[in-house]
Amino acid sequence: MTATSHAEAPGTRQVSDKDVRTVIVSSLMGTTVEWYDFFLYSTAAGLVFDELFFPTDNPTVSTVLAFATFFVGFVARPLGGVLFGHIGDRIGRKRTLVTTMLLMGVATALMGALPTYDDIGLLAPLLLVLLRVVQGLAIGGEWAGAVLMAVEYAPPGKQARYGAWPQVGLALGLGLGTGLFALLGNLLDDEQFLGYGWRIAFGLSIVLVFIGLVIRLRVAETPAFEQMRTARETSRTPFLDLFRDRAVRRNTLLGLLSRWAEGAAFNTWAVFFLSYATTTLDLPRIDVLVAVMAAAIVLAVLIPVFGRLADRWTPRRTYTFGAALFAASVFPAFLAFQTRDPLLIGLVIVLVLGVVHAVLYAPQGTLYAQLAPVRMRYTGMSFVYQFSGIYASGLTPMVITTLLAVGGSPWWACAYLVLAGAVGAGATLALRPRDLHFGRDR
């Protein structure tokens with residue numbers, strides 16, 4: 001049995017079910033490896049990098065400095081998005097994705113071999129920042145390409161469920177990273193964990209990258225891109241074309257605003273929470289890591305479910321609903337945190353990260369793929385997702401940490417997060433169905 005790969009590409013080569021399965025596995029494996037590498041850093045930033053690379057007499061200052069280098073990765077991501085988006089729109093999705101995976105794996109493995117501040121002084125954090133920039137460049141080009149491989153292979157009416165599978169990689173990567181840190185923290189004492197335990201998790205990246213490359217090299221280019229290349233419709237300057245077309249320009253700007261909700265949500269529950277729970281709430285590190293790992297498992301299970309529902313509800317409506325749910329959940333979640341009850345807090349994290357975030361994240365890739373036509377789609381998706389990551393994702397842990405320190409209570413931080421959710425929901429709702437490029441919402 002075969003199926004046409006994309007509603008925009010009638011008459012292109014048809015693909016078999018085996019082809020589609022290979023693409024899905026490749027996209028899922030690729031994003032899992034990339035996000036495992038990327039979020040190892042966020043986990044380490046909240047738990048060990050403040051002590052090993054940014055030691056100060058003030059724990060809050062050390063934490064903010066560690067999160068500042070986490071933010072550096074988000075500054076590099078839009079550069080990687082534009083660079084690899086241009087390459088992906090010009091020469092193809094597949095070759096671009098092989099390059100991004102290699103870059104990410106090498107950078108992460110080298111992080112695991114870095115000497116600390118006590119060993120080489122200021123050179124240690126400088127090298128860490130440099131490798132973080134390489135990570136940012138790689139993930140900047142990875143995400144959009146992996147989602148496009150799935151979406152552009154999908155039959156009409158099923159783009160959201162196919163596009164949801166690469167999104168599962170975020171949950172699996174987060175679960176693998178936090179799970180491995182939890183296991184190492186349980187097997188080793190604090191001195192051993194800070195001495196060499198965390199390095200094991202970073203070194204494992206090489207093995208995962210090798211497996212991912214073997215699968216990725218078996219995938220053919222997407223039919224939508226092949227049709228565009230055959231018709232000689234490839235854009236010479238895809239980034240500039242995003243702003244030349246009025247409807248695409250409007251979609252791009254609204255996409256940038258919509259991303260604030262998802263970026264703030266994930267980096268609050270999966271990144272900031274690790275530091276907040278272990279320092280401010282004084283919860284055991286293992287309990288916190290297990291809670292996030294459990295939430296990641298639930299997230300991985302529910303993303304495909306909401307991906308299927310998004311084909312019925314449309315990605316635009318599903319994402320709007322998810323952003324509104326996030327805004328509504330912020331104050332109740334932080335109220336639960338004040339109890340310092342590990343079981344209650346764990347259940348809340350599973351709910352907000354595992355369930356609510358699945359509603360947001362499942363349709364996101366397909367929604368952003370709808371914002372631009374094929375010839376500039378890789379660049380458009382990368383720009384929207386990665387540039388918005390600067391303020392939506394990278395700044396979130398620092399902003400919330402600062403608001404907590406200045407305000408003395410979590411409520412100003414909660415107000416900031418509610419605003420992010422409301423803006424995200426409003427911007428998504430403002431997208432005009434007639435301006436979208438495929439799907440039922442068009």
Side-chain angles (χ1 to χ4, degrees), residues 71 74 78 160 167 170 249-273 276 295 299 302-303 306 309-310 313-338 348-349 351-368 370-371 381 383-404 406-407 409-433 435-436 441:
F71 170 66
F74 286 93
Q167 303 291 75
L170 176 138
R249 180 171 65 246
R250 184 178 187 276
N251 284 352
T252 299
L253 295 176
L254 288 173
L256 290 170
L257 288 174
S258 75
R259 173 83 159 86
W260 196 11
E262 186 276 321
F266 184 83
N267 285 276
T268 298
W269 311 133
V271 179
F272 164 79
F273 172 73
Y276 180 67
L299 181 63
L302 291 183
I303 284 175
F306 286 109
L309 288 174
W313 298 347
T314 75
R316 173 175 159 270
R317 293 171 185 168
T318 307
Y319 188 90
T320 301
F321 179 58
L325 275 181
F326 163 60
S329 67
V330 171
F331 275 97
F334 274 85
L335 279 172
F337 293 165
Q338 304 317 300
V348 168
I349 284 297
L351 178 63
V352 295
L353 178 57
V355 181
V356 174
H357 198 74
V359 184
L360 260 176
Y361 201 60
Q364 186 182 56
T366 307
L367 174 67
Y368 291 170
Q370 291 180 301
L371 301 181
M381 286 183 67
F383 179 71
V384 166
Y385 190 82
Q386 307 302 351
F387 183 80
S388 61
I390 295 176
Y391 55 87
S393 301
L395 279 176
T396 295
M398 285 194 297
V399 168
I400 299 176
T401 300
T402 302
L403 288 174
L404 284 170
V406 173
S409 73
W411 311 128
W412 282 110
C414 288
Y416 170 82
L417 295 173
V418 170
L419 175 65
V423 170
T428 309
L429 199 59
L431 288 168
R432 296 183 299 222
D435 291 338
L436 303 179
D441 208 2

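All of these numbers come straight from a predicted model, not from anything done at the bench. If you read the sequence from its start, that first residue is 1, and numbering goes on from there.
The two atoms that bring L404 and S409 nearest to each other are CD2-O, 3.5 Å, heavy atoms only. A pairwise comparison of heavy atoms in Y368 and G255 identifies OH-O, 3.5 Å as the closest pair. The minimum heavy-atom distance between M381 and G365, with the atom names listed, is CE-O, 3.5 Å. What you find for W269 and S329 is that their closest heavy atoms are CZ2-OG, 4.5 Å. Summarising the geometry of P78 relative to I390, their closest heavy-atom pair is CG-CD1, 3.7 Å, with the distance given to 0.1 Å. P397 and V271 get closest at one heavy-atom pair: CG-CG1, 3.9 Å.
Contacts of A323 classified as side-chain contact (heavy atoms from CB on, under 4.5 Å), with partners at least two apart in sequence or in another chain: A261, L360, A425. With sequence neighbours left out, the side-chain contact (heavy atoms from CB on, under 4.5 Å) criterion links A160 to A310, D311, P315, T366. Listed by chain and residue number, nothing satisfies the ring pair (Phe, Tyr, Trp, His ring centres under 6.0 Å) test with F306 (two or more places apart in sequence, or in another chain). With sequence neighbours excluded, the residues forming a ring pair (Phe, Tyr, Trp, His ring centres under 6.0 Å) with F273 are F337, listed by chain and number. A427 is linked by a side-chain contact (heavy atoms from CB on, under 4.5 Å) to L254, L257, S258, counting only residues two or more places apart in sequence or in another chain. Scanning for side-chain contact (heavy atoms from CB on, under 4.5 Å) contacts around L395 gives F71, Y391, M398, V399, with sequence neighbours left out.
With rounding to the nearest 0.5 Å, the separation of CD in Q364 from OG1 in T318 is 12.5 Å. If you take OH on Y276 and OG1 on T401, they are separated by 10.5 Å, rounding to the nearest 0.5 Å. Remark: T268 OG1 to F326 CZ distance equals 5.0 Å, nearest 0.5 Å. Note that CG of L256 is 6.0 Å distant from OG of S388, once rounded to the nearest 0.5 Å. Atoms CD and CG, from Q167 and L299 in turn, are 9.5 Å apart once rounded to the nearest 0.5 Å. The CG atom of L371 sits 6.0 Å away from atom CG of L431, with the distance rounded to the nearest 0.5 Å.
Each salt bridge (charged side-chain N to carboxylate O under 4.0 Å, His left out) pair with one or both residues in residues 250-265, not counting sequence neighbours, appears once here: R259-E262.
Side-chain atoms of F266 and Y361, non-hydrogen and from C-beta on, never get closer than 4.5 Å to each other. A heavy-atom distance below 4.5 Å is found between the side chains of R316 and L429.
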Between side-chain atoms of residues 410-419 and protein atoms elsewhere (two or more places apart, or another chain), which donor-acceptor pairs fall under 3.5 Å?
none

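In terms of modelled atom types and a separation under 3.5 Å, the side chain of N251 and the main chain of D435 share a donor-acceptor contact.
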